[in-house]
Amino acid sequence: MSAGDSPTHDVKDEKDDIDSSYKPPPEKSLDELLNADKQDESLQKYKEKLLGEATSGKIIFDEADPRTVVVKQLALVVADRPDVTLDLSGDLTQLKKQVFSIKEGVSYKIRIDFMVQREIVHGLKYVQKTFRLGIPVDKMTHMVGSYPPKLEMQSYTTPAEEAPSGMLARGTYSVSSLFTDDDKHEHLKWEWTFEIGKDWKE
C-alpha cells in the first residue's frame, strides 16, 4: 500500500479505541435537565447560563438533518500562518485528494468546528489514527466534552503537537479521524492526508 492509500483496520480495533473503564453517567435529555430541581433558583440560573438559548426551547437549525452533531470542518492551525481547512460538509471521499503540507518540526494544532442541535451531546471524543505506508505510526484520543445545542458554530482545538523532523520523517501520511461520544455514536468518520516536508509549500 502506498503512503497515500486508505488505511485499513478492523472494526474490533476501532471499538477498542473508544472503550475504557470510564462509565458515563446516565444520559439525560435537554427537557429532563431543564425540569429537574426547578425549586432551586440558583441552580436554575446556573443551567440558564450553561445552556444559554437552549433553555427557551429546542434548538434546531436544520429540520431536514436528523443528526445531533453536524461536523463542519477541520482546520490545521499554525502560529503566524493562515489556517488550512478541510470542508467536512460535502463529499468526504474527495478529502484524500487534498494534502495538508506541514513543515517538519513545526508546532501545530487541529481545530474541529461543529454544530449541535436538538439535544445536549455527552462526552464527545476525537480519535485520530495516523498511518505511513499502511503501517500505524500514531494514535491519539482527545476528550472534547459535552455541548448544548446552539445556533452558533462550536469548536474544539487539540493541544499543540510537534511535527516530526528529519529526512526519515518527511513524506506522506494517511489519517483516519472519528468524532464519537460516550455512547459510541459515530457523528462523523473521515480520512485525509498530510505531507511533512523540509519547508512549507506555498
Measuring only between side-chain heavy atoms, which start at C-beta, is Ile110 closer than 4.5 Å to Gln128? yes
Same apolar cluster (I L V M F W Y, side chains within < 4.5 Å links), Val78/Ile112: yes
Value for CG (Asp87) from CD (Gln94), rounded to nearest 0.5 Å, stands at 11.5 Å
Considering only heavy atoms from C-beta outward, does the side chain of Trp200 approach that of Arg81 to under 4.5 Å? yes
Which pair of non-hydrogen atoms, one from Asp83 and one from Ala75, has the smallest distance, and what is that distance? CB-CB, 4.4 Å
Taking all heavy atoms of Val175 and all of Ser177, pick out the closest pair and write down the distance. CG1-OG, 3.8 Å
Cluster question for you: counting only ILVMFWY and a side-chain heavy-atom cut-off of under 4.5 Å, with indirect links fine, are Tyr108 and Val77 together? no
Using a 3.5 Å distance criterion without hydrogens, assess whether the side chain of Ser107 forms a donor-acceptor pair with backbone atoms of Glu162. no
Which heavy atom in Asp62 sits nearest to a heavy atom in Arg118, and how many Å separate them? O-NH2, 3.7 Å
Do the non-hydrogen side-chain atoms of Leu74 and Trp190 ever get within less than 4.5 Å of each other? yes
Got Pro149 and Ile120 here, is their nearest side-chain heavy-atom distance under 4.5 Å? yes
Would you call Leu88 and Phe114 a side-chain contact if the rule is heavy atoms closer than 4.5 Å? no
Side-chain contact, heavy-atom cut-off 4.5 Å: Gln117 with Asp65? yes
Is the shortest heavy-atom distance from the side chain of Met115 to the side chain of Lys150 under 4.5 Å? no
Under 4.5 Å between side-chain heavy atoms, counting indirect links through other Ile/Leu/Val/Met/Phe/Trp/Tyr residues: same cluster for Met153 and Ile59 or not? yes
Point-to-point distance, once rounded to the nearest 0.5 Å, from OG of Ser155 to CD of Gln73: 8.0 Å
May I ask whether Ile60 and Val121 are part of the same hydrophobic cluster, defined by side-chain heavy atoms of I, L, V, M, F, W, Y residues being less than 4.5 angstrom apart, directly or through others? no
Which word best sums up how the rings of Phe194 and Trp192 line up, parallel for under 30°, tilted for 30 to 60°, or perpendicular for over 60°? tilted
Spacing of OG belonging to Ser174 relative to NZ belonging to Lys129, to within rounding of 0.5 Å: 13.5 Å
Measure from the ring center of Tyr156 to the ring center of Tyr126 and say whether it is less than 6.0 Å. no
Mind checking the CG-CG spacing from Leu76 to Leu86? Nearest 0.5 Å is all I need. 9.0 Å
Answer with yes or no whether the side chains of His187 and Asp181 bring together a donor and an acceptor at under 3.5 Å. yes
Inter-residue atom distance Glu195.CD - Thr172.OG1, 0.5 Å rounding: 4.5 Å
Test your reading of the model: is there a side-chain donor-acceptor pair from Glu104 to the backbone of Gly166, 3.5 Å cut-off? yes
Tightest non-hydrogen contact, residues Pro164 and Ala169, listed as CB-CB, 3.7 Å
Do Tyr173 and Val99 sit in one hydrophobic cluster, given that two such residues count as connected whenever their side-chain heavy atoms are within less than 4.5 Å of each other, even indirectly? no
Any idea which heavy atoms bring Ala64 and Pro66 closest together, and the distance? O-CD, 3.4 Å
Are there over 12 heavy-atom neighbours, none belonging to Glu63, within less than 6.0 Å of that residue's CD? no
Side-chain heavy-atom pair Leu188, Leu92 within 4.5 angstrom cut-off: yes
Of all heavy-atom pairs linking Arg111 and Thr157, the shortest is CG-OG1, 3.3 Å
